[in-house]
Amino acid sequence: QVQLVESGGGLVQAGGSLRLSCAASGRTFSSLAMGWFRQAPGKEREFVAAINWIATSTYYADSVKGRFTISRDNGKNTVYLQMNSLKPEDTAVYYCAAGSIRTMASAYKDWGQGTQVTVSS
């Protein structure tokens, strides 16, 4: 099992940027694929981005492609989500998750507690 703690959320105006961090402990982080998901009020949790264990492959939802960048630092046991050109529709609780590069939430075994991102228009 791996423990995950997200940080970096907050309130930002449309067009602004935020960088989310997810610090991991427990299992060997460097061997795990990692993903970011988000959940807006009244909506299902949706895939945002994923990265393989060695950071040679990244995957993005169409809605964030070209605006968000996922990266990782295995030396710091941390995965990041750089979010640029934010839109009000990006408002959600953002979660990091461990164990897969797939777009289905059920493919991931471990989850953080989430961090709120609010984008004002």
Side-chain angles (χ1 to χ4, degrees):
Q1 186 177 2
V2 61
Q3 290 75 46
L4 304 171
V5 179
E6 303 97 333
S7 61
L11 173 64
V12 63
Q13 288 188 334
S17 298
L18 283 174
R19 188 176 81 155
L20 305 183
S21 299
C22 174
S25 61
R27 290 173 57 192
T28 305
F29 172 80
S30 60
S31 68
L32 295 173
M34 298 293 296
W36 284 97
F37 286 74
R38 66 186 181 186
Q39 188 167 18
K43 295 188 177 181
E44 293 187 354
R45 192 167 296 191
E46 66 173 356
F47 172 79
V48 175
I51 187 168
N52 69 346
W53 68 279
I54 202 173
T56 54
S57 297
T58 56
Y59 308 87
Y60 297 95
D62 288 343
S63 59
V64 306
K65 202 170 293 184
R67 299 187 299 122
F68 290 12
T69 302
I70 188 171
S71 62
R72 66 190 296 160
D73 185 337
N74 287 345
K76 295 183 178 180
N77 282 9
T78 302
V79 62
Y80 304 98
L81 186 68
Q82 178 67 43
M83 306 186 294
N84 298 329
S85 303
L86 283 161
K87 305 175 181 179
E89 50 264 44
D90 295 318
T91 295
V93 177
Y94 283 71
Y95 299 88
C96 69
S100 179
I101 55 171
R102 300 178 69 181
T103 61
M104 297 183 302
S106 59
Y108 294 75
K109 293 184 178 181
D110 300 302
W111 292 81
Q113 83 289 349
T115 185
Q116 176 71 46
V117 171
T118 303
V119 184
S120 63
S121 58

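Everything numeric in this text was worked out from a predicted model, so none of it was measured.
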Could you please spell out the steps behind the ring pair (Phe, Tyr, Trp, His ring centres under 6.0 Å) verdict for Y59 and F47? CA-CA 10 Å; Y59 308 87; F47 172 79; 7.8 Å; no
Could you list all the side-chain hydrogen bond (donor to acceptor under 3.5 Å, both in side chains) pairs where at least one residue sits in residues 95-106, not counting sequence neighbours?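 Those involving residues 95-106 do not exist here.
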Any sub-3.5 Å donor-acceptor pair from Y60's side-chain atoms to I70's backbone N or O?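 Checked: pair present.
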Do N52 side-chain atoms and S57 backbone N/O form a donor-acceptor pair below 3.5 Å?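 Side chain of N52 to backbone of S57: a pair is present.
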[X], [Y]: one ILVMFWY side-chain cluster at the under-4.5 Å cut-off?
X    : Y   : result
L18  : L4  : yes
L86  : L81 : yes
L20  : Y80 : no
W111 : I51 : no

Is the W36 to F68 ring centre distance short of 6.0 Å?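 That pair fails the under 6.0 Å test.
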Which is it for Q3 and D110 under the side chain to side chain contact (heavy atoms under 4.5 Å, CB included) test, yes or no, and what are the steps along the way? CA-CA 7 Å; Q3 290 75 46; D110 300 302; over 6 Å; no
Is the shortest side-chain N to carboxylate O distance from K87 to D90 below 4.0 Å?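 Not counted as a salt bridge, because no side-chain N and carboxylate O are separated by less than 4.0 Å.
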Contacts table for residues 114-121: side-chain donor-acceptor under 3.5 angstrom, sequence neighbours left out:
| residue | atom | partner | partner atom | Å |
| --- | --- | --- | --- | --- |
| T115 | OG1 | G9 | N | 3.2 |
| Q116 | NE2 | A92 | O | 3.4 |
| Q116 | NE2 | T118 | OG1 | 3.3 |

If you draw a 6.0 Å radius around CH2 in W53, do more than 12 non-hydrogen atoms from other residues or ligands fall strictly inside?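 For W53, atom CH2 is not crowded (no more than 12 foreign heavy atoms under 6.0 Å).
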Under the salt bridge (charged side-chain N to carboxylate O under 4.0 Å, His left out) rule, what pairs show up with a residue in residues 3-18, not counting sequence neighbours?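 Of all non-adjacent pairs touching residues 3-18, none passes salt bridge (charged side-chain N to carboxylate O under 4.0 Å, His left out).
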